[in-house]
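Comments concern the structure below.
Computed from a predicted structure; not experimentally measured. First the proteins, then the strands, lettered A, B, ... as listed; each starts at 1.
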There are 2 protein chains.
Amino acid sequence: MTHRTVSGGARPAPGLPDDAKARVTSPHPECPVEITLAALRGRWTTLLVRELLRHGHRTYTELSAALPRLSAKVLADRLAHLHDAGVVHRTRTPGWPATVTYVLTPRGRELGPVLQALWDWGAARDDGD
Amino acid sequence: MTHRTVSGGARPAPGLPDDAKARVTSPHPECPVEITLAALRGRWTTLLVRELLRHGHRTYTELSAALPRLSAKVLADRLAHLHDAGVVHRTRTPGWPATVTYVLTPRGRELGPVLQALWDWGAARDDGD
DNA sequence: CTGAATCCCTGCCGATACTG
DNA sequence: CAGTATCGGCAGGGATTCAG
């Protein structure tokens, strides 16, 4: 892999001057990188996305069971945050007990490559230098 | 793009059960995703990496000038953090004034694809669904 | 020129208790 | 079952000041 190789192909690396937003001089929330990091912000967030990526859909209870150390408050916080970010879709089942099921939106599923990139970098030993 | 498409090719999405670390049930620092997010943690961090990605090498003063709103303390904090994370290499020029030049390590340059993935997701409008 | 030390303020996260 | 309300601890980040 060469110096400025980018996964997308011909595009330059992020923040290179082919986009107005690439010239921001402070952490502005409109920067695409900031948008993504904001969506993934907070402890447990990536684990929740992973859980939904893996199973496709999960109820509140299933998520709580999968992540036992995650408190109810933070779980609700994260799900609300991911919902606001357009990552998850919420479905209420009116019966009893009234369960709520969470599914990734198409946009949410597109976080797969993002998490993959994060995973790859973190997993790389970089012996090659 | 289909449900579980991953940029890397045959590998499953991050956190899928082909890796022991994919089964973590709490935000453990050994998780590759956590490692990468930890490296990029903190305000201004991605902008600093972008600056080095763009110019190859920058002095403390140049970085400070490029990011005027970034205080000296946080700049030093971030550079120390990126150094500890193995992302940047520090070079002291003994003369006077004693300048310090920062360069991305090979590992640091490999953050290019990561930032690209973050950029792409944040820039996507996702009209396609 | 670099960067460490200090202080303060803010926001995040966790536990607990409570509501539709 | 699925959250909300509240509180307290702790870490992040900014300004200022001091040192190598």
Side-chain angles (χ1 to χ4, degrees), chain A residues 24-29 31 34 37-49 51-52 55 57-85 87-103, chain B residues 24-29 31 34 36-49 51-52 57-85 87-103:
Chain A
V24 294
T25 183
S26 64
H28 198 282
C31 172
E34 294 293 326
L37 290 177
L40 296 178
R41 182 104 52 207
R43 218 180 164 198
W44 301 97
T45 306
T46 57
L47 288 179
L48 277 174
V49 173
E51 207 62 24
L52 291 171
H55 294 101
H57 58 85
R58 294 271 93 175
T59 66
Y60 183 97
T61 305
E62 287 169 333
L63 291 171
S64 188
L67 275 22
R69 319 279 265 177
L70 171 55
S71 76
K73 179 218 174 189
V74 177
L75 175 54
D77 279 356
R78 292 296 171 271
L79 289 171
H81 177 73
L82 289 173
H83 183 259
D84 289 349
V87 170
V88 304
H89 177 71
R90 195 172 0 213
T91 308
R92 294 188 60 88
T93 303
W96 187 266
T99 63
V100 179
T101 302
Y102 292 88
V103 190
Chain B
V24 294
T25 183
S26 63
H28 197 283
C31 171
E34 293 293 326
T36 308
L37 289 177
L40 296 177
R41 181 104 51 207
R43 219 179 162 201
W44 302 97
T45 307
T46 56
L47 289 179
L48 278 174
V49 174
E51 207 62 25
L52 292 171
H57 57 86
R58 293 271 93 174
T59 66
Y60 184 98
T61 305
E62 286 169 334
L63 291 170
S64 187
L67 276 21
R69 319 280 265 178
L70 171 56
S71 75
K73 179 222 177 188
V74 177
L75 175 54
D77 280 357
R78 291 297 170 272
L79 290 171
H81 176 73
L82 289 172
H83 183 260
D84 289 349
V87 170
V88 304
H89 176 72
R90 196 171 3 212
T91 308
R92 295 187 61 89
T93 302
W96 187 266
T99 63
V100 179
T101 302
Y102 291 88
V103 190

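When side chains are defined from C-beta on, A:Leu37 counts as touching B:Thr46, because their heavy atoms get closer than 4.5 Å. Within the 4.5 Å cutoff, the side chain of A:His81 has no heavy atoms near those of the A:Val87 side chain.
Taking atom CZ of residue A:Arg41 and atom P of nucleotide C:dG11, one finds them 13 Å apart after rounding to whole Å. Counting to the nearest Å, the P atom of C:dA4 and the CG atom of B:Leu75 are 11 Å from each other. Between the NE2 atom of A:His81 and the C1' atom of C:dC13 there is a distance of 14 Å, rounded to whole Å. Atom CG in A:Leu48 sits roughly 12 Å away from atom P in C:dC13 (whole-Å rounding). Between B:Leu63 atom CG and C:dG3 atom P the separation is 10 Å, expressed in whole Å.
Once you apply a 4.0 Å limit to the heavy atoms of chain A, the touched nucleotides of DNA chain D run 5' to 3' over D:dC1 to D:dT6.
If you check every strand for non-hydrogen atoms under 4.0 Å, B:Arg90 touches sugar and phosphate atoms only.
Considering only side-chain N and O atoms, B:Tyr102 lies under 4.0 angstrom from the phosphate OP1 or OP2 of C:dG3.
Residues satisfying the side chain to side chain contact (heavy atoms under 4.5 Å, CB included) criterion with B:His89, sequence neighbours excluded, are B:Thr91, B:Thr105. When the side chain to side chain donor-acceptor pair (under 3.5 Å) test is applied to B:Arg90, the partners found at least two apart in sequence or on another chain are B:His83. Residues passing the side chain to side chain contact (heavy atoms under 4.5 Å, CB included) test with A:Thr59, sequence neighbours excluded: A:Thr61, A:Glu62, A:Thr101.
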Got a list of side-chain donor-acceptor pairs under 3.5 Å for residues 66-80 of chain A, not counting sequence neighbours?
| unit_1 | atom_1 | unit_2 | atom_2 | d |
| --- | --- | --- | --- | --- |
| A:Ser71 | OG | A:Val74 | N | 3.4 |
| A:Arg78 | NE | A:Arg43 | O | 2.7 |
| A:Arg78 | NE | A:Thr45 | OG1 | 3.4 |

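For the residue pair A:Glu51 and A:Arg58, the shortest heavy atom distance occurs at O-CG, 4.2 Å.
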I'd like a table of atom pairs between the protein and nucleotides 14-16 of chain C - only N or O on both sides, under 3.5 Å - with the distance next to each one.
| unit_1 | atom_1 | unit_2 | atom_2 | d |
| --- | --- | --- | --- | --- |
| C:dG14 | OP1 | A:Arg43 | NH1 | 2.0 |
| C:dG14 | OP2 | A:Trp44 | NE1 | 3.1 |
| C:dG14 | O6 | A:Lys73 | NZ | 2.8 |

- Item | side chain to side chain contact (heavy atoms under 4.5 Å, CB included) evaluation trace for A:Val88 with A:Leu52 | CA-CA 9 Å; A:Val88 304; A:Leu52 291 171; 3.7 Å; yes

